[in-house]
A.B. asks: 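Would you mind keeping the following structure in view while I ask a few things?
Quantities reported herein were computed from a predicted structural model and do not represent experimental measurements. Order of the sequence lines fixes the chain letters, A, B, ..., with proteins taken first and strands second; residue numbering starts at 1 for each chain.
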There are 2 protein chains.
Amino acid sequence: MAQFSSELDGVLAALADPTRRAVVRRLGGGPMSVGDLAREFPMTLPSFMKHVRTLEANGLVRTVKSGRVRTCELRRGRLALVDDWLAEQRRVWEARTDRLERLVTDPKEERR
Amino acid sequence: MAQFSSELDGVLAALADPTRRAVVRRLGGGPMSVGDLAREFPMTLPSFMKHVRTLEANGLVRTVKSGRVRTCELRRGRLALVDDWLAEQRRVWEARTDRLERLVTDPKEERR
DNA sequence: CGAAAACTGTGCCATGAGGCTAAGCATGCT
DNA sequence: AGCATGCTTAGCCTCATGGCACAGTTTTCG
């Protein structure tokens, strides 16, 4: 995956895949083994495992192996990164509408 | 871009790139021409244009050409798709904690 | 012990993303 | 008209992604 300029890159890229989003959703209901998860998707286990690894590499999921079973658990906190970015965008946008507001109510306020 | 199983795929993929996120952020402050935007990024115009097209293809930006200048404008509403998905995740997770709650307060409630 | 279960590792392939250069328009300015 | 500006198009390159098959490895169970 090259290397991300920010963690958000990886998190968003990880979520930009329907299989991986489905896994996140499924794990929202509680931990599950790789095998149980995989059974719900139309692809081979090795292919599926790559998705799990991607999610793990980007901190969206934690996995532990006990015996021959690897269990996956959602790391909800990670989604906050996305939330935060969205919130920032909203702030940027609001700062702008504020400027427009001021411009309308008091035209000479404009600068730059 | 193959074809996305859901619009979210495309939107998230589009946002999973620092250049494109920066463009979105920049446009949060108001519309700008492709040229003005491009000047802020260390890449050639054709490369940059691809990013703009990607954003446009996924509905995050609207562009109009007037004369020889193409102006880009943010389509804020599109980010709601991401918001909605996050909200759904939260719902899934909360449904689960509710089940756990009930289990603790009234153990015989458990089913499946 | 021997076989089944549940991953894991390796290697291969096709596609697409993100960059670049080099031309090629269309528009605007003088 | 002639030149500069501002995108566009085309073609090419490299690397990452998402799949696959097939061959291990480690546990677990009878």
Side-chain angles (χ1 to χ4, degrees), chain A residues 1-27 31-73, chain B residues 1-27 31-73:
Chain A
M1 232 163 204
Q3 210 158 260
F4 295 117
S5 67
S6 98
E7 309 200 35
L8 236 200
D9 283 40
V11 170
L12 288 172
L15 294 177
D17 179 291
T19 300
R20 288 189 299 251
R21 264 190 336 269
V23 170
V24 167
R25 192 173 196 289
R26 202 75 179 65
L27 290 179
M32 250 197 269
S33 78
V34 167
D36 285 352
L37 274 172
R39 229 161 281 124
E40 305 181 8
F41 299 90
M43 70 181 70
T44 60
L45 224 219
S47 300
F48 183 76
M49 266 302 291
K50 274 210 229 178
H51 288 299
V52 173
R53 293 296 188 192
T54 299
L55 287 169
E56 190 171 21
N58 290 292
L60 289 161
V61 151
R62 183 190 307 118
T63 81
V64 268
K65 186 152 189 176
S66 129
R68 56 185 168 171
V69 177
R70 179 174 294 276
T71 304
C72 307
E73 185 181 357
Chain B
M1 230 162 210
Q3 210 157 257
F4 295 117
S5 67
S6 98
E7 309 199 36
L8 236 199
D9 284 41
V11 171
L12 289 171
L15 295 177
D17 178 290
T19 300
R20 286 186 303 250
R21 265 191 334 270
V23 169
V24 167
R25 193 173 195 291
R26 203 73 180 68
L27 290 179
M32 248 197 269
S33 77
V34 167
D36 285 352
L37 274 171
R39 229 161 281 124
E40 305 182 7
F41 299 90
M43 70 181 69
T44 60
L45 223 220
S47 301
F48 182 76
M49 265 302 291
K50 276 211 226 177
H51 288 299
V52 173
R53 293 298 188 189
T54 300
L55 288 168
E56 191 172 21
N58 290 294
L60 289 160
V61 151
R62 182 189 308 118
T63 81
V64 268
K65 186 152 188 178
S66 128
R68 54 186 172 175
V69 177
R70 179 174 294 277
T71 304
C72 308
E73 187 182 353

A.B. asks: Using every non-hydrogen atom in the two residues, find where A/L37 and A/V23 come nearest and quote the distance to one decimal.
C.D. replies: CD1-CG1, 4.2 Å
A.B. asks: Ignoring hydrogens and angles, tell me if any N or O in the side chain of B/R26 forms a donor-acceptor pair with the backbone of B/M32 under 3.5 Å.
C.D. replies: no
A.B. asks: State which residues pass side chain to side chain contact (heavy atoms under 4.5 Å, CB included) with B/R39; sequence neighbours excluded, sorted by chain then number.
C.D. replies: B/D36
A.B. asks: Can you tell me whether the side chain of B/R68 and the base of C/dA26 have a donor-acceptor pair closer than 3.5 Å?
C.D. replies: no
A.B. asks: Where the side chain of A/R53 is defined as all heavy atoms beyond and including C-beta, which of C/dG18, C/dT8, D/dC7 is the nearest nucleotide?
C.D. replies: C/dT8
A.B. asks: In this structure, how many angstroms lie between the P atom of D/dT26 and the CZ atom of A/R70, rounded?
C.D. replies: 14 Å
A.B. asks: Using a strict heavy-atom distance below 4.0 Å, which residues from residues 36-48 of chain A are in contact with DNA chain C?
C.D. replies: A/L45, A/P46
A.B. asks: Do B/E56 and B/R62 meet the salt-bridge criterion of a basic N to acidic O distance under 4.0 Å?
C.D. replies: no
A.B. asks: So A/T71 and A/V34, do their side chains get closer than 4.5 Å, heavy atoms only?
C.D. replies: no
A.B. asks: Would you kindly give the NE2-to-P distance between B/H51 and C/dG18, to the nearest whole Å?
C.D. replies: 6 Å
A.B. asks: Consider the side chain of A/K50, meaning its heavy atoms from C-beta on, and name the nucleotide among C/dC7, D/dG18, D/dC7 that approaches it most closely.
C.D. replies: D/dG18
A.B. asks: Between the side chain of A/R21 and the main-chain N/O of A/L15, is any donor-acceptor distance below 3.5 Å?
C.D. replies: yes
A.B. asks: Measure CE/B/M49 against C1'/D/dT9 and give the value in whole Å, please.
C.D. replies: 11 Å
A.B. asks: Measure the distance from CG on B/L15 to C1' on C/dA17 and round it to the nearest whole Å.
C.D. replies: 16 Å
A.B. asks: Could you state the atom-to-atom distance from CG of A/L55 to C1' of D/dT17 in whole Å?
C.D. replies: 14 Å
A.B. asks: Does a side-chain N or O of B/K65 approach OP1 or OP2 of D/dG6 to a distance below 4.0 Å, or not?
C.D. replies: no
